[in-house]
Amino acid sequence: VQLQASGGGLVQGGGSLRLSCAASGSGFTLNSMGWHRQGSGNQRELVAAITRGGMTTYSDSAKGRFTISRDNAKNTVYLQMSDLKSEDTAVYYCETDYMFYHPTPIAGRAWGQGTLVTVSS
């Protein structure tokens with residue numbers, strides 16, 4: 001499973017961005033998908049996650065401003081970010097827990113390459 005993230009960029013405070021992350025490959029099922037971020041000097045932290053069935057989890061900083069969604073047919077997860085603040089500046093990484101079933105069940109986690117979001121004040 002390979003993940004390709006896109007949609008990062010420079011935005012003014014209060015603005016919006018939409019991140020996308022598409023999985024490529026075949027023969028797998030994507031279970032949970034999520035977005036994490038790592039700001040300068042900080043540890044990587046979970047921003048939001050979504051199960052295959054659509055249940056979502058958000059960090060306290062993301063609640064009310066960010067929305068995670070997914071398109072299972074396209075193996076893609078999205079993060080709609082609104083009311084962006086300077087503290088949201090970070091590299092955003094997508095990840096997924098996947099399962100291959102053939103020839104034997106194999107579970108794993110894949111990470112995307114990261115996309116930089118910069119929020120100017």
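Here the structure is a predicted model, which means the values were calculated and not measured.
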*Is atom CD of Gln113 surrounded by more than 12 heavy atoms (other residues, nucleotides or ligands) closer than 6.0 Å?*
yes

*If Ile, Leu, Val, Met, Phe, Trp and Tyr residues are connected whenever their side-chain heavy atoms lie under 4.5 Å apart, and connections chain through other members, are Val117 and Tyr78 in the same group?*
no

*Could you grab the distance from atom CZ of Arg18 to atom OG1 of Thr67, nearest 0.5 Å is fine?*
10.5 Å

_NZ/Lys85: more than 12 non-hydrogen atoms of other groups inside 6.0 Å_ = yes

_Heavy-atom side-chain contact between Leu84 and Phe66 under 4.5 Å_ = yes

*Minimum heavy-atom separation for Gly112 to Tyr93, with atom names?*
O-CD2, 3.7 Å

_Using every non-hydrogen atom in the two residues, find where Thr115 and Ser6 come nearest and quote the distance to one decimal._
OG1-C, 4.2 Å

*asked:* Under 3.5 Å, is there a donor on one side chain and an acceptor on the other for Asp97 and Ser32?
replied: yes

*Show the numbers, then the answer: is there a side chain to side chain contact (heavy atoms under 4.5 Å, CB included) between Arg37 and Ser61?*
CA-CA 12 Å; Arg37 69 185 182 187; Ser61 62; 3.3 Å; yes

*Taking C-beta and beyond as the side chain, do Cys21 and Trp35 meet within less than 4.5 Å on heavy atoms?*
yes

*To the nearest 0.5 angstrom, please state how far the CE atom of Met99 sits from the CG atom of Asn31.*
6.5 Å

_Would you say that Leu3 contacts Val1 through its side chain, given a criterion of any heavy-atom pair below 4.5 Å between the two side chains?_
yes

_Check against side chain to side chain contact (heavy atoms under 4.5 Å, CB included), Asp88 and Arg65_ = CA-CA 11 Å; Asp88 295 318; Arg65 300 188 299 127; 2.7 Å; yes

_Contact summary for Ala110 and Tyr98, nearest pair of heavy atoms_ = N-CE2, 3.8 Å

*Say whether Arg70 and Thr96, considering side chains only, have a donor N or O and an acceptor N or O under 3.5 Å apart.*
no

*Specify the closest pair of heavy atoms between Leu17 and Gly7, including all atoms of both residues, with the distance to one decimal.*
CD2-O, 3.7 Å

_Apply side chain to side chain contact (heavy atoms under 4.5 Å, CB included) to residues Asn72 and Leu30 and explain how you reach the verdict._
CA-CA 8 Å; Asn72 291 331; Leu30 303 181; over 6 Å; no

*Return the minimal non-hydrogen interatomic distance between Thr89 and Val119, and the atom names on each side.*
OG1-N, 2.9 Å

*Can Ser59 and Leu46 be said to form a side chain to side chain contact (heavy atoms under 4.5 Å, CB included), step by step?*
CA-CA 7 Å; Ser59 65; Leu46 175 68; 6.0 Å; no

*Please tell me if the side chains of Ser16 and Gln80 come closer than 4.5 Å, counting only heavy atoms from C-beta onward.*
yes

*Over all heavy atoms of both residues, which pair between Phe100 and Gly27 is shortest? Give the atoms and the distance, please.*
CD2-O, 3.1 Å

*asked:* I'd like to know if the side chain of Tyr58 and the backbone of Ile68 have a donor-acceptor N/O pair within less than 3.5 Å.
replied: yes

*Trp111 and His36, any side-chain heavy atoms less than 4.5 Å apart*: yes

